[in-house]
Amino acid sequence: LAGHRGSLFDARVDRDGKRLVTGGTDRTVRVSDLATMELSWSTPDLGVIRVVGVDFLPQDRVMVVLANDTRPAEFQLWRIGQSEGKPEAIWRGELPRESLNHGAATPDGRHVVVGSVSRSIRIVPLDLSSETPAFGESITIPQSHPVMHVEVAPLGGRFVAAAENVARIYDLTGKQLGPALEGHQKLIRRVRWSADGSQVVTASLDGSARIWNAATGACETEIVVGASSPVSDAQFRGDGLVLYTVSVDVFVRGWSLERS
């Protein structure tokens, strides 16, 4: 799936597992068909510093979160043009005037969660019921460090956020659920949920990935790739029996999680 003229920053598969949306430093967003491995459509150059979040929303729409250090961050809503293959921008809204690291949407499209460099998480309600979408009053959760990554649970209602070497789980009212997920010695680059929402995996530059019980906060498994192989991402296979890790040594590794 080539075509971006720069690095990829975010990628999401839709709920049916049929399409992939990617956002890159070339300031474009592309949707590809995973059956044919061909491009369905792409946006024009969006004219911002970077795309920090992309996701599929209901009714064939795509969410794009854009960061720009000289003006407020922007949320855009695009409709996938199935017949002519051309995307249509249907709404733009300003997010808080902050430098954002990442943004994600709930599966029902009713909330956007963004993590910022300025040490905060914002939960922003989004009304998609009318022809003109609108933001509601946001909830701010202060953090002690810049927020690197946020990930909404597969069924919604919760999200996990990573700031420095600690991750925390919250509900959509901003309440922290359970203890902080602590143990990594260096920055956590990515946090991901298992398909059933029972576990969270954290990928860290300390060369390890840790799997946590989402209900109790207990670390259930630690996978050590090695100090010379900082882990930049990790993801469960759909059945939860394999964990894939991506390291800066350009290796993707699969780890068996089967228990005897």
Side-chain angles (χ1 to χ4, degrees), residues 1-14 18-34 36-82 84-106 109 111-118 120-122 124 126 128 132-133 135 138 146-152 161-162 187 189-192 232-233 235 246 248 250:
L1 293 173
H4 279 287
R5 299 183 303 277
S7 301
L8 295 181
F9 191 87
D10 199 16
R12 301 276 177 169
V13 176
D14 69 6
K18 295 180 179 179
R19 295 177 296 185
L20 176 75
V21 59
T22 54
T25 57
D26 61 355
R27 304 187 299 271
T28 67
V29 173
R30 300 166 66 88
V31 170
S32 301
D33 186 306
L34 292 179
T36 63
M37 300 300 283
E38 294 180 352
L39 177 70
S40 299
W41 58 259
S42 68
T43 66
D45 187 323
L46 299 173
V48 295
I49 290 179
R50 55 190 176 275
V51 177
V52 298
V54 293
D55 207 348
F56 290 97
L57 295 182
Q59 299 178 6
D60 235 10
R61 291 173 289 190
V62 167
M63 170 210 84
V64 182
V65 177
L66 307 168
N68 191 314
D69 294 338
T70 61
R71 61 178 186 263
E74 188 173 312
F75 174 93
Q76 294 186 358
L77 201 60
W78 293 77
R79 188 180 304 281
I80 303 173
Q82 292 296 325
E84 70 282 358
K86 297 180 180 179
E88 176 192 354
I90 57 176
W91 187 65
R92 291 176 171 86
E94 286 189 354
L95 288 165
R97 192 181 184 91
E98 296 174 327
S99 180
L100 300 182
N101 268 337
H102 192 240
T106 55
H111 292 84
V112 179
V113 182
V114 292
S116 78
V117 177
S118 55
S120 69
I121 300 165
R122 286 185 184 263
V124 187
L126 178 60
L128 297 174
T132 305
F135 285 135
S138 65
V147 180
M148 178 59 64
H149 193 246
V150 295
E151 182 86 349
V152 177
L187 182 75
R189 286 292 305 273
R190 289 290 185 268
V191 284
R192 306 287 188 186
S232 57
D233 205 347
Q235 179 70 63
V246 181
V248 298
V250 303

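All of these numbers come straight from a predicted model, not from anything done at the bench. Computed over heavy atoms, backbone and side chain alike; hydrogens, waters and symmetry mates excluded.
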Mind checking the [atom1]-[atom2] spacing from [X] to [Y]? Nearest 0.5 Å is all I need.
X: T43; Y: Q76; atom1: OG1; atom2: CD; answer: 8.0 Å
X: D60; Y: W78; atom1: CG; atom2: CH2; answer: 15.0 Å
X: L57; Y: L126; atom1: CG; atom2: CG; answer: 7.5 Å
X: L66; Y: L100; atom1: CG; atom2: CG; answer: 9.5 Å
X: D55; Y: D14; atom1: CG; atom2: CG; answer: 10.0 Å
X: S42; Y: D26; atom1: OG; atom2: CG; answer: 9.0 Å

Taking the side chain as every heavy atom from C-beta outward, state whether [X] and [Y] have any pair of such atoms under 4.5 Å apart.
X: L39; Y: R30; value: yes
X: H149; Y: N101; value: no
X: L34; Y: R19; value: no

Not counting sequence neighbours, which residues clear side chain to side chain contact (heavy atoms under 4.5 Å, CB included) with [X]? List them please.
X: I90; value: R61, L77, R79, E88
X: T36; value: D33, E38
X: A161; value: I121, V147, V150, F159
X: F9; value: V52, H102

For R5, salt bridge (charged side-chain N to carboxylate O under 4.0 Å, His left out) partners two or more places apart
none

Check salt bridge (charged side-chain N to carboxylate O under 4.0 Å, His left out) between D233 and all other residues, then give those that pass, not counting sequence neighbours.
R192

Could you pull out the closest heavy-atom pair between [X] and [Y], with the gap in Å?
X: V51; Y: G23; result: CG1-CA, 4.0 Å
X: R190; Y: S232; result: CG-O, 3.2 Å
X: L20; Y: F56; result: C-CZ, 4.0 Å
X: G24; Y: H4; result: N-CE1, 3.9 Å
X: G53; Y: D10; result: CA-OD2, 3.4 Å

If you take the centroid of each ring, where Trp contributes its six-membered ring, are W91 and F135 closer together than 6.0 Å?
yes

Check the pair V112, F75 against side chain to side chain contact (heavy atoms under 4.5 Å, CB included), reporting the backbone distance first and the verdict last.
CA-CA 9 Å; V112 179; F75 174 93; 3.5 Å; yes

Short side-chain to backbone donor-acceptor contact, T106 and H111, under 3.5 Å:
yes

